[in-house]
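Have a look at the structure below, then the notes.
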Amino acid sequence: MTAADLRDSILRHLAYSLGSDPEHATLHDWRIALSFAVRDRLVDSWFATSRAARKSGAKRVYYLSMEFLIGRLLEDAIVNLRLEEQVDKALSELGLVPREVIENEPDAALGNGGLGRLAACFMETLATIGCPAFGYGIRYENGLFRQSFDEGRQVEEAEDWLSQFHAWEFERRHLRYRICFGGEVVEEGGKPVWHGAEAVTAQAFDTPMIGWRGKWANTLRLWAAEPVKGFDLARFNRGEYAAAAEEEALGRTISRVLYPDDTTEQGKELRLKQEYFFTAASLRDILGRVEAEGGSLADLPKRAAIQLNDTHPAIAGPELVRLLHDERGMPLDQAIATARGCLSYTNHTLMPEALERWSEALMSRLLPRHMDLIERIDAAHAVEQPGRKVTLVEHGEVKMGELAFVMAHKVNGVSALHTELMKQTVFAELHRLHPTRIVNETNGVTPRRWVLSSNPRLSHLITETIGEGWVDDLDQLERLEPSLTDAAFLDAYAAAKRANKADLATWLAATHGVKVDPDAMFDVQIKRIHEYKRQHLNILEAIALWSDIRANPDGDWVPRVKIFAGKAAPGYVFAKEIIHLINDVAAVLNADPVTSPYLKVLFLPNYNVSLAERLIPAADLSEQISTAGKEASGTGNMKFALNGAPTIGTLDGANVEIRERVGTRNFFLFGMTAEEAEARRAVPDHARQAITADTRLSGALREISRGTFSGNDRHRYRGVVANLTGEDYFLVCSDFTAYWDAQRRADAAFADPETWRRMAACNTARSGWFSSDRTIRGYMSDIWGAKVLTH
Ligand code: F58
C-alpha cells in the first residue's frame with residue numbers, strides 16, 4: 001500500500017464513513033478515518049486466520065480474563081502492518097501532525113495493572129506466532145479511573161473511553177447469550193434443573209488483534225451486558241419516566257465499570273456477577289463453536305484449551321461441568337474430567353488478602369446450582385486424598401484458588417521464584433497431592449509494542465546492527481554481544497537514550513511545566529501504589545539524600561530526577577498517603593535552590609499504558625524494590641531492562657531471572673531474600689533496631705514527623721510514621737541501609753559514562769528471553785498442547 005493509496009482511503013472514510021468534510025474535520029474525525037483505513041488492511045488476515053483454524057481443526061486457545069489492558073490500538077496496528085512510513089507521509093500531506101493524530105486515541109484502560117497488561121501482550125503474541133486464540137473478557141463502559149491530584153492528594157474521576165467512537169470493534173448482533181442468576185434448582189424427570197430468577201443478555205463485541213507483519217489476527221471478544229427486557233413503554237406512558245428505564249439501567253450495570261482494586265479482593269456481589277457473566281457467555285460461545293464445527297464434546301480437551309487468568313473466571317469449572325452434565329447429559333465424573341482436560345489456571349499472587357473467597361451464602365443465592373456442583377467436585381476430589389486436608393469450602397466460604405486448582409490440569413506461576421513459593425506455601429497440600437500439576441511460565445512482554453513501537457531510536461540501532469529478525473525472535477538480541485565492546489555502537493546506543501531523555505524533558509516542560517536536565521539520571525518507579533512495592537522506601541531515600549546534599553552542597557553529587565507514577569486503589573488509605581507524601585516531598589525538594597540542581601522528584605498523574613510507553617525508553621534506572629517474596633513476577637522490570645535501564649532491585653519475582661541473564665554486574669542488587677524477610681519479621685522490634693542503626697533513616701523519619709513536608713502539620717503523616725516505626729510488615733526500615741548503599745553504587749556507575757552505557761547495553765542485549773513469544777510457546781507446549789497455524 002502506497003502513501004497515496006492510504007491518503008485516498010483516509011479521505012474516503014472521512015467522507016463516506018464519518019460524513020465529515022475535510023474542511024471542517026476535527027482531529028478526532030481524522031483519527032477515526034485513519035483507523036478505518038488501517039483497519040481495512042487487517043480484516044483479510046483476520047478472516048484468513050479463522051478460516052485456517054477451522055480448516056485444520058486446530059486446537060484453539062481461549063484466554064479468559066477480567067482485564068485486558070490494551071492501551072492504544074492504532075499505533076500497534078500501524079507498526080504491525082508496517083505502515084509507519086505511509087502513515088507519516090499521508091498524514092503530513094493532509095496537513096496533519098502524525099503524532100497528534102495517534103495520541104488523539106484514548107487508552108483502553110480495561111485493567112488495573114500487570115495482570116491486565118500481561119493479557120494484552122499475550123493477545124499480540126498469539127497473533128504474531130499464529131496460535132489460533134480468542135481472548136474473552138468484559139467490555140467495561142468505564143475503565144480504570146482517571147487520576148489527578150488536588151494539593152497532592154489523589155482524586156479519582158470516571159474514565160469514559162467509550163464516550164468516543166471506538167473504531168476497532170465490531171458488534172455481533174447475532175452473538176448474544178442469556179445469562180441467569182439466582183432462582184432455584186428443582187428436580188425434573190429425575191434431573192436437577194436450574195431456573196434462574198434474573199437474566200441479562202451478554203452481547204459480543206469483537207476486536208481484531210493483529211500480529212507482527214499482519215500475517216495472523218485473532219479475536220478479542222468482549223461481552224457487554226444488556227437488559228433482556230428493554231424500556232417499559234407502558235410505564236413511560238403512565239408518566240413514570242425514571243421507572244420506565246430502571247430495568248434497562250440495571251441490566252447494564254454488570255459491564256458498567258472495572259473494579260479498581262488491585263491486590264485486595266472485595267467480596268462484592270456485583271463483582272461475582274461480572275465474573276459469572278463473562279465466564280458463562282464465553283463457555284457457551286466455545287461449546288457452540290465446537291458443536292458448529294461438528295466436534296464431539298467428549299473430545300473437548302482436544303479442541304479447546306481454556307486458560308483462567310487468575311481465579312476471576314474460576315467459576316468456569318462448575319459452569320463447564322453444568323453445561324456438560326446438566327445440559328448435555330454427560331455423566332458427572334466424565335464431565336469433571338472433561339472440564340479439567342480443558343481448563344488451566346494462572347496464579348498471580350501469594351498475598352492472602354488477594355486470594356478470592358466467596359461466601360457460601362452469596363454463592364448459593366446467586367448461583368445455586370454451581371454451589372451444589374462445587375460440593376460434588378469437592379466430594380469427588382476428597383476421594384483422592386486420604387486424611388482429607390484440602391476442602392473447597394471452609395468457614396462458610398468457597399476458596400476460588402483451590403477450586404481453580406482442583407478443576408485445572410495445569411496450574412502455573414509467573415516467575416521461577418513465585419512458582420516455587422506457590423508449591424511451598426498457598427498450594428503446598430494440593431501440590432503434594434498433584435505433584436506434576438504446578439508448572440512455571442515466567443512472564444514476558446511483547447517486543448513489538450515495548451521496543452519497536454515505543455523506542456524507535458533503539459530499534460533502528462538494533463536493526464542496523466543485527467538485522468530485523470529480533471522483532472519476532474528476541475533471542476537474537478544476543479547477537480549484539482560482540483558490539484558491547486565496540487565504542488561506535490556504544491556511542492550510538494548512548495545517543496539514542498540521550499535523545500529519548502531529551503524528548504521526555506521537552507514533553508515534561510510542555511505538559512507539566514517542569515524543567516529537568518536530560519543529563520541527570522532518570523530514576524523511574526512506575527506501577528500501582530502498594531506497600532509491598534515500597535514506593536515509600538524510594539521516597540525515604542530521596543529525603544535522606546536531600547539532607548545529605550544540604551549538609552554538603554559542594555559534594556560530588558550525581559544529578560537525579562526521581563520519577564514516580566501509579567494509581568492507588570480508591571479504598572486503599574495507606575497507598576493514598578504514600579502518594580500524598582511523595583507529592584509533598586516533591587514540592588519541598590524541587591523548591592530548594594541548593595539541592596534541586598541535583599535532586600528533583602516528580603509524580604506524574606494518571607499513569608497508563610501510553611505514559612509507560614513514553615517513560616520507559618527514557619529511563620536510566622529501573623526501580624524494582626518490592627519486599628522479597630511479594631511481587632509474583634513483574635513485567636515492567638522486563639520492559640526497562642530491554643530498553644536499557646539497569647535495575648535496582650531485590651531478589652523478588654522475575655528480578656531474579658533478569659539478574660541471572662543480564663549479569664550480576666549489570667544489576668544493583670540489595671536487600672533481604674524472601675527467606676530472610678520471613679525470618680526478619682520474627683525479630684521483635686526489627687524496625688526500631690534498623691532505625692537506630694541508620695542515622696539517615698532516623699533523620700528522614702524525623703523530618704516527616706516534624707512536618708517539614710506538610711506545612712508544619714505534624715499529624716499529616718502520623719499514620720505512615722507509626723506504621724514504619726511499628727509493625728513495618730514490608731520491612732522498609734530493615735532494607736533501607738542496603739537500598740541506600742545500592743543507590744550510591746548506581747551513582748558511581750552513572751558518573752562514569754563508559755561504565756553506564758555498557759551496563760545499559762548489556763541489559764538490552766541479554767533480555768531477549770523476556771519476550772512474551774517465549775512465554776506463550778511455553779504455555780503452548782507445557783499446558784495447552786496447541787500448535788501454530790501454517791499457511
Ligand atoms: C500482577 N497482579 C502481579 N493483579 O502483581 C505481578 O507481579 C505480575 O507480574 C502480574 O500480575 C502479571 O503476572 C496483578 O496485576 C491485579 O491487578 C488484580 C486485579 C483484580 C483484583 C486482584 C488483583
Side-chain angles (χ1 to χ4, degrees), residues 63-69 109-122 137-138 140 143-144 257-268 270-272 274-275 278 307-314 345-358 400-401 404 411-419 421-422 440-446 526-534 566-572 575 607 609 612 624-640 649-650 652-658 674 770 772 775-776 778-779:
Y63 199 79
L64 268 60
S65 177
M66 279 288 266
E67 306 192 358
F68 286 91
L69 189 45
L110 311 185
N112 274 287
L115 172 151
R117 184 53 234 176
L118 183 75
C121 283
F122 281 4
I138 298 179
Y140 300 106
L144 188 60
V257 56
L258 167 79
Y259 271 92
D261 302 287
D262 67 325
T263 33
T264 54
E265 277 301 341
Q266 294 200 332
K268 295 257 174 62
L270 180 60
R271 170 106 183 163
L272 181 56
Q274 288 185 333
E275 295 183 353
F278 97 94
Q307 188 68 35
L308 309 180
N309 195 23
D310 215 292
T311 54
H312 317 137
Y345 151 57
T346 305
N347 172 282
H348 295 269
T349 185
L350 303 172
M351 311 254 290
E353 66 269 34
L355 296 171
E356 274 190 304
R357 289 167 174 248
W358 289 106
M400 301 308 272
V411 175
N412 77 286
V414 289
S415 73
L417 175 65
H418 166 65
T419 301
L421 292 173
M422 270 170 76
N440 178 54
E441 302 300 342
T442 297
N443 285 166
V445 302
T446 164
I526 48 176
K527 48 182 82 243
R528 283 299 281 247
I529 311 299
H530 201 287
E531 284 164 279
Y532 86 80
K533 298 185 188 274
R534 300 200 294 193
K567 294 175 182 176
Y572 190 172
Y607 181 54
V609 174
Q624 309 299 337
I625 61 178
S626 51
T627 314
K630 297 295 178 190
E631 187 70 88
S633 164
T635 44
N637 47 3
M638 302 167 185
K639 297 167 194 166
F640 280 106
T650 47
D652 201 15
N655 291 356
V656 177
E657 289 150 89
I658 292 177
F770 297 100
S772 45
T775 310
I776 286 295
Y779 278 84

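Note that these values count all heavy atoms, side chains included, but never hydrogens, waters or copies made by symmetry. Both counts, for ligands and for their atoms, begin at 1 and track the order of listing.
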Query raised in the report: Judged by non-hydrogen atoms, does Arg528 sit under 4.0 Å from ligand 1?
Result: no

Report task. State if Thr349 counts as touching ligand 1 under the rule of any non-hydrogen atom under 4.0 Å. Result -> no

**Report entry** Nitrogen or oxygen atoms of Asp261 and ligand 1 under 3.5 Å apart
**Finding:** no

Report task. Please say whether Val414 places an N or O atom under 3.5 Å from an N or O atom belonging to ligand 1. Result -> no

Query raised in the report: Within the side chain of Asp310, is there an N or O that forms a donor-acceptor pair under 3.5 Å with the backbone of Asn347?
Result: no

Requested in this report: Show which atoms of ligand 1 fall inside a sub-4.0 Å distance from at least one heavy-atom site of Tyr532.
Outcome: 5 (O)

Report summary line: Interatomic distance, CD1@Ile625 vs OH@Tyr532, rounded to 0.5 Å, equals 12.5 Å

Query - Short N or O distance, His312 and ligand 1, threshold 3.5 Å exclusive - result: no

**Report entry** Criterion side chain to side chain donor-acceptor pair (under 3.5 Å) against Ser626, the qualifying member of Asn655, Asn637, Asp652
**Finding:** Asp652

Query raised in the report: Are a donor atom and an acceptor atom from the side chains of Asn309 and Thr346 found within less than 3.5 Å of each other?
Result: no

Query raised in the report: Does ligand 1 have any atom sitting under 4.0 Å from a heavy atom of Ala354?
Result: no

Query raised in the report: What do you reckon, does Gly116 have a nitrogen or oxygen under 3.5 Å from a nitrogen or oxygen of ligand 1?
Result: no

Report summary line: Numbered in order shown, the ligand 1 atoms found under 4.0 Å of a heavy atom of Glu67 are 19 (C), 20 (C)

Query raised in the report: Between Asn443 and Thr635, is there a donor-acceptor pair closer than 3.5 Å when you use the side chain of the first and the backbone of the second?
Result: no

Query - Closest approach of Phe122 to Thr775 (non-hydrogen atoms, all atoms of both residues) - result: CZ-CG2, 3.7 Å

Requested in this report: With heavy atoms of Ala632 as the reference, note each atom of ligand 1 found under 4.0 Å away.
Outcome: 7 (O)

Query raised in the report: Do Glu657 side-chain atoms and Ser415 backbone N/O form a donor-acceptor pair below 3.5 Å?
Result: no

Query raised in the report: In chain order, what residues pass the salt bridge (charged side-chain N to carboxylate O under 4.0 Å, His left out) check against Arg117, with sequence neighbours excluded?
Result: none

Report summary line: In ligand 1, the atoms that come under 4.0 Å of a heavy atom of Arg271 are 20 (C), 21 (C)

Query raised in the report: Any N/O of Lys533 closer than 3.5 Å to an N/O of ligand 1?
Result: no

Requested in this report: Show your working on ring pair (Phe, Tyr, Trp, His ring centres under 6.0 Å) between His312 and Phe278 and close with a plain yes or no.
Outcome: CA-CA 10 Å; His312 317 137; Phe278 97 94; 8.8 Å; no

Query raised in the report: Between Leu115 and ligand 1, which part of the residue brings a heavy atom under 4.0 Å of the ligand: side chain, backbone, both or neither?
Result: both

Query - ligand 1 atoms in contact with Gly114 (distance to a heavy atom under 4.0 Å) - result: 10 (C), 11 (O), 12 (C), 15 (O)

